[in-house]
Asks: 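First the structure, which I've put down as structure tokens, then a few questions once you've had a look.
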Number of protein chains: 2
Amino acid sequence: MYERKIAIDDQCGLDLLREVLNGKWKFHLLWYIGNGVQRPSELARKIPEAARRVLNMQLAQLEEHELVSKKVYHQLPLKVEYSLTEKGQSLLPLIGALGYWGDDNRDFLQRVIGKTNRFSSPAVAV
Amino acid sequence: MYERKIAIDDQCGLDLLREVLNGKWKFHLLWYIGNGVQRPSELARKIPEAARRVLNMQLAQLEEHELVSKKVYHQLPLKVEYSLTEKGQSLLPLIGALGYWGDDNRDFLQRVIGKTNRFSSPAVAV
DNA sequence: CGGTATCCCTCGGGATACTG
DNA sequence: CAGTATCCCGAGGGATACCG
């Protein structure tokens, strides 16, 4: 992955940051963790649309990229807690800003998104 | 695309926003356009890693999502200018914040990204 | 100059099932 | 409870070549 690393070295922060935040649920994970949701099962309940496996993968990446840290309690039943690192913390306000922007512009967003896929509506069952 | 629209309706702004900002170069495009880069060719020069076709596609999406507007001058040689809409404008500070964060943490980012793909380095030629 | 048409191929991420 | 192993699919996006 990341085949053409060559270019990345003198790139703008936006590029670098994208590498790290790439992943469908990264923002959500960071946000929830930063707001006190630490257990994997809780996170999964907060983001029911995502498969557990995917969440785990993205959590692993976030951990490797040092935005979250993972604490494992070797007991039964097993217990795991995620938390933000310093860097992760410092990213929180930005994610919050994005989220709030989205909330504030929910109507707008739903409208313009709807434009793109009028066809998807037939979706029926759960 | 966007198969399971059903879920999106009562979702948080982060989800909605993601739908609209999804795309490898959207942030860059918005940022550059918001900073006065309006001609397609200029944008392409600013983002040389991206294929023209891809930029055009993402620009089209941004336009459809009403974050940028496109002005075509029917003259020869052809001339096109992109600019941000109100909504696009209001998004700029957030993108800026992300970019600045990335710049401020360039060393950190390069390090942690490097961790993930030590193997990619053999990349030789341009 | 600006844009589109093909072709292709990676890989993110969903479903399912199994292990400690 | 937490996590991994397979399997699979679609779309995002890169390369190349061609039009107005």
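Proteins come first, then strands; the chains are lettered A, B, ... in the order of their sequence lines, and each starts at number 1.
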Asks: Whole angstrom is fine here: how far is it from CG in A:L43 over to C1' in D:dA2?
Replies: 12 Å
Asks: Output the rounded distance in Å from CD (B:Q75) to C1' (C:dC1).
Replies: 10 Å
Asks: Spell out, yes or no, whether A:M57 and A:L67 are grouped together once hydrophobic residues are joined by side-chain heavy atoms under 4.5 Å, including indirect joins.
Replies: no
Asks: B:R45 has an atom CZ; how far is it from atom C1' of C:dC1, in whole Å?
Replies: 13 Å
Asks: Looking only at side-chain N and O atoms, does B:K26 offer a donor or acceptor that is under 3.5 Å from a partner on B:Q61?
Replies: yes
Asks: Give a yes/no answer on whether the side chain of A:Y82 brings an N or O atom under 4.0 Å of OP1 or OP2 in D:dA2.
Replies: no
Asks: Within the modelled atom types, does a donor on one side and an acceptor on the other bring the side chain of A:R52 and the base of D:dG3 under 3.5 Å apart?
Replies: no
Asks: For B:H74 and C:dG2, give me the distance from atom NE2 to atom P, rounded to whole Å.
Replies: 14 Å
Asks: Figure out the CG/P separation between A:L78 and D:dA2, and round it to whole Å.
Replies: 8 Å
Asks: I'd like to know if B:R53 reaches the base of D:dT16 with its side chain, counting only an N/O donor and acceptor under 3.5 Å.
Replies: no
Asks: With a sphere of 6.0 Å drawn around CD of B:E86, does it hold more than 12 non-hydrogen atoms of other residues, nucleotides or ligands?
Replies: no
Asks: Rounded to whole Å, how long is the line connecting atom CG of B:L76 with atom C1' of D:dC19?
Replies: 13 Å
Asks: When the nearest nucleotide of DNA chain D is assigned to A:P77 and to A:N56 on a heavy-atom basis, which residue is associated with the more 5' position?
Replies: A:P77
Asks: At under 4.0 Å, does any side-chain N or O of B:K70 touch on OP1 or OP2 of C:dG3?
Replies: yes
Asks: Report yes if at least one side-chain N or O of B:K24 is closer than 4.0 Å to OP1 or OP2 of D:dG14; otherwise report no.
Replies: yes
Asks: With a 4.0 Å limit, can you tell me whether A:R39 has a side-chain N or O closer than that to the phosphate oxygens OP1/OP2 of D:dA2?
Replies: yes
Asks: Going through the checks in order, is the side chain to side chain contact (heavy atoms under 4.5 Å, CB included) test met by A:L91 and A:L84?
Replies: CA-CA 10 Å; A:L91 215 38; A:L84 295 188; over 6 Å; no
Asks: To the nearest 10 degrees, what angle separates the axes at the start and end of the helix from C:dC1-D:dG20 to C:dG20-D:dC1, five pairs each?
Replies: 50°
Asks: Let's go through B:K87 and A:F108 carefully: what are the C-alpha distance in whole Å and the side-chain angles of both, what is the deciding distance for side chain to side chain contact (heavy atoms under 4.5 Å, CB included) to 0.1 Å, and is it a yes or a no?
Replies: CA-CA 9 Å; B:K87 292 291 184 187; A:F108 166 77; 3.6 Å; yes
Asks: Figure out the CG/C1' separation between A:L55 and D:dT4, and round it to whole Å.
Replies: 14 Å
Asks: Would you call B:L21 and B:L30 a side-chain contact if the rule is heavy atoms closer than 4.5 Å?
Replies: yes
Asks: Consider the side chain of A:S41, meaning its heavy atoms from C-beta on, and name the nucleotide among C:dC1, D:dC1, C:dG3 that approaches it most closely.
Replies: D:dC1
Asks: Using the ring of A:W101 (Phe, Tyr or Trp, six-membered ring only), decide whether A:R106 places NZ or CZ under 6.0 Å from its centre and within 45 degrees of its axis.
Replies: no
Asks: Rounded to whole angstroms, how far apart are CG on B:L59 and P on D:dG13?
Replies: 13 Å
Asks: Consider the side chain of A:W25, meaning its heavy atoms from C-beta on, and name the nucleotide among C:dC1, C:dG3, C:dG14 that approaches it most closely.
Replies: C:dG14
